[in-house]
Amino acid sequence: MKTVNLKEDFGLEVLRHSTSHIMAQAVKRIFPEAKLGIGPSIKNGFYYDFGIDGALLSENLAQVEKEMRKIIKENLLFEKELVTKEKAIEVFRKRKEPYKVQLLGGIEDEKVTLYRQGEFVDLCRGPHLESTGKVSFFRLLSLAGAYWRGKEGNPMLTRIYGTSFYTEKELEEYLEQIEEAKKRDHRRLGRELELFSISSDLGAGLIIYHPKGAMLREIIESFEKEEHLKRGYQLVRSPHISRSVLWKKSGHLDFYRKNMYLFSSGNEEYVIKPMNCPAHMLVYESKVRSYRDLPLKYFELGTVYRREESGVLHGLFRVRGFTQDDAHIFCMPSQLVEEVRKVVQFAIFMMDAFDLGYQMTLSTRPAEFIGSPEHWEKATQALRDALGAEGLDFQVAQGEGAFYGPKIDIQMEDTLGRLWQGPTIQVDFNLPERFNLRYVAPDGEKKRVVMIHRVVLGTIERFLGVLIEHVGGAFPPWLSPVQVKILTVTEKENSFAESLHGQMVNEGLRSEMDLRNKLLGFKVREAELEKIPCMLIIGQLEAKKGLVTVRKRNGENLKNIEPQRFIQMVKEAVREKRTEI
RNA sequence: GCCGACGUAGCUCAAUGGCAGAGCAGCUGAUUCGUAAUCAGCAGGUUGUAGGUUCAAAUCCUAUCGUCGGCUCCA
C-alpha cells in the first residue's frame with residue numbers, strides 16, 4: 001500500500017514539475033524579456049518565479065493558460081541533455097538568464113542537466129514526463145511576489161502558483177476541497193458565530209471578543225490556570241507598561257526595538273510590553289533564592305503587543321495584540337532535562353485535550369549566539385532527551401534556534417494545511433545572565449540559574465483560530481459558548497421554557513432560549529447554523545408532562561427526558577470532554 | 001515592509017463614465033404552527049477615507065487606511 005502511494009506522489013511531482021516548465025515556456029512566449037527564476041513542484045501543485053518588473057499581472061493568467069494549452073497540443077518532447085557546467089553557463093548567458101547563471105555558480109558538480117522542450121531550455125535535475133502532451137488537467141491559481149532565493153534584500157520576482165493532476169476528477173476535487181476549506185476559515189466562522197471581530201478604527205491586528213468569543217476564551221483560560229496550578233506553577237501578574245530601562249537591561253530595546261510600541265510620559269520613555277519575561281525576572285530577582293526553592297515556575301496569561309509588519313497580519317493567526325500562556329521555569333542545570341520533559345508532556349496533554357494534531361521541531365544553535373558552546377550542547381541534548389524519552393518524532397532545524405538558546409517548537413495546521421507555531425519551549429542563557437539570576441547552592445556558593453521560557457498553547461488568539469478551524473465551529477460541549485438552546489413550538493410554552501432555562505443556568509449550564517413567534521423549523525435551522533450542541537424542543541406534549549425532547553445537532557432526537565437527567569447528561573459530556581452530548 | 005488583487009446596505013453580491021440595486025439578515029403586521037427558511041409590508045447608502053480629472057465618478061487618476069493570496073519575519 002505504502003509503496004504504491006509513494007509512487008503516485010512521485011508521479012504527481014513529475015507531472016507538476018513538467019507543468020511548471022510548460023508554464024514557464026508560455027510566459028516566455030508572451031513576455032520574451034521575462035527572466036527565469038526557479039519552478040519546483042510543491043505540496044499541492046507547483047510555482048515558477050519570473051523576473052519581469054511587475055509586467056505580469058493577474059489578468060494575464062488566462063492568456064498564459066491559453067498558451068500552455070497550445071504547448072500541450074504541440075506535444076513537444078522533454079529532452080534531457082548532460083552538459084558541463086561551463087557549457088550551461090554559456091547557454092544561459094546567451095539566453096540572457098542571469099538568475100540561471102547565478103544558480104549555476106552555486107552548483108558544485110562538473111556536469112549539469114538541461115531539459116529542452118521546443119525552443120525552451122531550463123536548468124533542471126528532472127525527471128520529466130515524455131512530452132508536453134502528457135499534461136492536461138491543470139489550473140493557474142494565484143500570483144504573488146517572492147524575493148529571489150527568499151532573501152529580503154534581493155529583487156522581488158513574480159511567482160505564479162498552479163496545480164496539476166492526471167485526471168479531471170482529481171483537479172475538480174482539489175478545487176472543491178479549497179472551497180470547502182474556506183467555509184471552515186476561522187475569520188469567516190468568527191463573524192458567523194459572533195466570536196470576535198477586527199475593526200480598522202480599533203487598529204489592524206487587534207481583536208475584539210464578542211460575548212461568545214469571550215466566553216470561549218474564559219473557558220480555555222480557566223482550564224489552563226487549573227492545569228498549571230496542578231503542575232506546581234505559581235500565578236504572577238505584570239503590568240502592560242513599564243519603563244524602558246527594564247528593556248535596556250533585558251536587551252530587547254536593542255534587539256527587538258522595531259517590534260516594540262514605545263511612548264514617552266514626561267521625561268520618561270515607556271514600553272508597552274512585547275513579552276512577559278523581564279517582569280518574571282524581577283520576581284525571581286526580588287530575593288535570595290536557595291537551591292531548595294528550585295524549580296520555580298511563574299505562570300501568567302500575559303497580554304503583549306508587538307508591532308508586526310502590516311503584510312503579515314492574518315485573522316487570529318498573526319496579530320499585534322495577543323495573550324501568551326507564558327511561564328518561566330528557573331532551575332538548576334541538573335534539573336533541566338526533567339523540567340523540559342515535564343513541559344513537553346504538558347504541551348502534549350494540552351494538544352490532546354483539544355484533540356489537535358501537531359508536529360515538532362528541534363531548533364539548534366544558530367551562527368550568531370551567546371553563551372558557551374558547551375552550555376548549548378548540554379541544553380540541546382536536554383531537549384533531545386526529553387523528546388526521546390516521550391518517544392516523539394521530530395524534525396531538526398539546524399541553526400534555527402534563537403540567539404539565546406535552543407528550542408522545541410510545536411506546529412499546528414490550519415484548514416488549508418498551512419503550519420502555525422503554537423507551543424514552544426526555549427532554553428534561555430541570555431536573561432539569567434543579564435539579570436544576574438543566581439541561587440545559593442548546597443555548598444553556600446552562588447550559582448547561575450538556568451531558565452526555560454515556554455508556552456503550552458502558544459497564544460490564546462492563534463490557538464483559538466486553529467481550534468475554530470479544527471472543529472469547523474462546532475465546539476464540543478465543554479467549550480461551546482452556548483451548550484443548550486431551548487426552542488418553543490408556540491408562545492404557549494414560554495413559561496415552561498423559562499423555568500427550564502432558570503434551572504439549567506442555576507446548575508451552571510450555558511443555556512439560551514428562542515421564545516420568538518416563529519415556526520419550529522425556522523428556530524431549528526438557526527440553532528443548527530449556530531452549531532449549538534443540542535436543543536430542547538418544548539411543545540404542548542413536553543409542557544404537559546414536564547419532560548423535554550432533546551435534539552442533538554446531528555439531528556438525533558431523545559424523547560421524554562426528565563430535565564434533571566438531561567442536565568446530568570450535559571455535565572457528563574463536559575466532564576469527559578466528549579465531542580457530542 | 002515587499003509583490004499582486006480587492007474594498008458598494010449587517011452578510012453575499014449586481015450596477016463597465018449618465019437616476020446606486022437584489023437576496024438573506026433587521027423592523028412592523030398577520031399567522032399560534034412539532035425538528036434546517038410562513039406570508040405581506042417597511043426601512044436600510046457621504047460606494048473605506050481624503051484629494052483630483054470630468055458637464056457628470058461606485059466606475060478614471062493620486063494618496064491613505066484596511067482586507068485577501070504570497071514573500072520575508074514570527075507566537
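Chain identifiers are assigned alphabetically (A, B, ...) following the order of the sequence lines, protein sequences preceding nucleic acid strands; residue numbering begins at 1 within each chain.
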Of B:G1, B:A36, B:C71, the nucleotide closest to the side chain of A:E152 is B:G1
Check whether the side chain of A:E308 and the base of B:A75 form a donor-acceptor pair under 3.5 Å.
yes
What do you reckon, is CZ of A:R237 surrounded by more than 12 foreign heavy atoms closer than 6.0 Å?
no
With both distances kept under 3.5 Å, what pairs with B:G44, Watson-Crick or G-U wobble?
none
Test for a donor-acceptor pair under 3.5 Å between the base of B:G34 and the side chain of A:E542, counting only N and O atoms.
yes
Give one of base, sugar-phosphate or nothing for A:R187, where a contact means two heavy atoms less than 4.0 Å apart.
sugar-phosphate
Establish, with yes or no, whether the OP1 or OP2 oxygen of B:G69 is under 4.0 angstrom from a side-chain nitrogen or oxygen of A:H314.
yes
Mate of B:A15 across any strand shown (Watson-Crick or G-U wobble, both atom pairs under 3.5 Å) is none
For A:R159 and B:G69, is the shortest distance between a side-chain N/O and OP1 or OP2 below 4.0 Å?
no
For B:C60, give its Watson-Crick or G-U wobble partner with both distances under 3.5 Å, or none.
B:G52
Considering only atom C1', compute the distance from B:A20 to B:U46 and round it to an integer number of Å.
13 Å
Both distances under 3.5 Å, Watson-Crick or G-U wobble: report the partner of B:G66, or none.
B:C6
A:E309, nearest nucleotide to its side chain (from B:G1, B:U35, B:A75)
B:G1
Looking at A:R318 and B:C73, is any side-chain donor or acceptor paired with a base atom of the opposite kind under 3.5 Å?
yes
Just checking A:A144: base, sugar-phosphate only, or nothing, at a heavy-atom cut-off of under 4.0 Å?
base
Should the side chain of A:Y147 and the base of B:G70 be counted as holding a donor-acceptor pair, with the cut-off at 3.5 Å?
no
Is it the case that A:R159 places NZ or CZ above or below the six-membered ring of A:Y47, under 6.0 angstrom from the centre and within 45 degrees of the axis?
yes
Any side-chain N or O of A:R307 below 4.0 angstrom from OP1/OP2 of B:G1?
yes
Quick one: side-chain hydrogen bond (donor to acceptor under 3.5 Å, both in side chains) pairs with a partner in residues 146-156 of chain A, sequence neighbours left out?
A:Q102-A:W148
Regarding A:F463, tell me which of base, sugar-phosphate or nothing describes its non-hydrogen contacts under 4.0 Å with the strands shown.
nothing
A:K492, nearest nucleotide to its side chain (from B:C33, B:G70, B:U72)
B:C33
A:R191 side-chain N/O to B:U12 phosphate OP1/OP2 under 4.0 Å
yes
May I ask you to verify if any side-chain N or O of A:S310 is less than 4.0 angstrom from the OP1 or OP2 atom of B:G1?
yes
For atom CZ of A:R516, is the number of surrounding heavy atoms from other residues, nucleotides or ligands below 6.0 Å larger than 12?
yes
Checking contacts here: which listed nucleotide (B:U35, B:C65, B:A75) is nearest the side-chain heavy atoms of A:N557?
B:U35
Basic-acidic side-chain contact under 4.0 Å: A:E300, A:K225:
no
Centroid distance under 5.5 Å and plane angle under 30°, A:F522 vs B:A36:
no
At 4.0 Å (heavy atoms only), tell me whether A:R418 reaches a base, stays on the sugar-phosphate, or touches nothing.
sugar-phosphate
Which part of the nucleic acid, if any, lies within contact of A:Q540, taking any heavy atom under 4.0 Å across all strands shown: a base, the sugar-phosphate backbone alone, or nothing?
base
Heavy-atom side-chain proximity of A:E97 to A:K35 below 4.5 angstrom
yes
Distance in angstrom units between A:L519 CG and B:U38 P, rounded:
5 Å
Assigned partner base of B:U32, Watson-Crick or wobble definition, under 3.5 Å
none
Roughly how many Å apart are B:U47 and B:C33, using the C1' atom of each and rounding to a whole number?
42 Å
